[in-house]
Amino acid sequence: MKETVGDLDVVAASSDPASLADAFADAPFADEVLAHGPKKVYIVTGGVEVDLRIVAPEAYGSLLHHFTGGQAHNIVLRERAVKMGINISEYGLARVGTGEYEPVATEEELYSRLDLPLIPPELREDAGEIEAGERGELPDLIETEDVRGDLHVHTNYSDGKGTIESMAEAAIDLGYEYLIFCDHSQSLRVANGLSPGRLKEKLEAVRRADDKYGEIRLLCGSEVDILKDGTLDYEDDLLAELDFVVASVHTSFRVGESAMTDRIVRAMNNPHVRVIGHPTGRILNRREPYEVDVSRLIREAAAANTALELNAYPDRLDLAAPYVREAMAAGVNITIDTDAHDEGALSLMKYGVSQARRAWVEKNRVINCLPWEEFEKYLKGDK
Ligand SMILES: [Zn+2]
Ligand SMILES: [Zn+2]
């Protein structure tokens, strides 16, 4: 669940490895076969190398652990094991000095032999997880099933492909209790941003749709642009009519760190702004984040009681996990939103959740994990 990967290592357990190896090498997605043995097959699919290794079920835990998590975690874990007289390898555990590795079937068993609870893969970075495990204080990490709604999705009122209804139905299929439509605001013309008049029309259309669907609450918000001076792209009295306001930077990225930070801080202090969308503006592998003092944003968000978004769109994953962890420590809550522009993208939530897990986030810190009754109270209350 790192943001990007170079290649994929797949670990499989089988009592008939040769058949599995043959099936994998012959699979229609295998564009090229680089190596093909009875217990390992390396292929290329869509330009990505995928290495499959197959072991007997009783050795699955050892091999899975070997290929899972950050290197730093495995180094510290190995040092810890040696102090207990145990060597760890991809073949299992051995008493130091014997070289006789005993396979381990599950990761849970491997950790328990080292007097530790199972440490979730997303935490394996040597960032305090082993110490927390020793103390029995590992976080109860958020799961995708904990998410009750999506607070930032687009429709064809601005640059989305879906309608209010089609997006609502996709959200119902995901089991959500609520969905908030946040289309772009007026100055973002390239994204067909809504004039105040069209926003009011949309607000009424959302209210009508909400009456139609008993299974889900449909709400109307806006992803309002943060203008260059930190003011917002709609007047306050219009923002006050909306159910929810996400404020984001989409233009004038090159204003320098202090001006950008001041600009976003000003927006987060608007009483109607509940969350800052994709706070650093990065697009993975394509666009660096704009220059902004994220630590200051986090402190100011805590003071203003404004949430920060963890945008789940796989190209964004913004805020990045290390900042999300910093936000947690500072008492800032987050939202995890897909920013979906079509129905299918609503199911990208898991990628946002994966980054939240990397940041040690528990569900009680994620606003859209609130059940509807509590979420409604949050909306009705002042910031
Ligand atoms: Zn945006
Ligand atoms: Zn958006």
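First listed ligand is number 1; within each ligand, the first listed atom is number 1.
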Point to revise | Sphere of radius 2.8 Å around the Zn ion (ligand 2) - protein N, O or S atoms inside | key: His152 NE2, His154 NE2, Glu223 OE1, Asp339 OD1

Review point. Short question: side chain of Asp225, backbone of Ser185 - any donor-acceptor pair under 3.5 Å?
Key: no

**Study point:** Note: Glu107-Arg124 ion pair, threshold 4.0 Å (strictly below)
**Key:** yes

Point to revise | Arg286/Asp315 ion pair, N-O < 4.0 Å | key: yes

**Study point:** Polar side-chain atom of Thr338 near backbone of Leu348 as donor-acceptor pair, under 3.5 Å
**Key:** no

Point to revise | Sidechain N-carboxylate O distance under 4.0 Å for Lys200, Glu204 | key: no

Exercise for review: Determine which of the N, O or S atoms in His250 is closest to the Zn ion (ligand 1) and give its atom name.
Suggested key: NE2

Review point. Between Arg274 and Glu309, is the closest basic N to carboxylate O distance under 4.0 Å?
Key: no

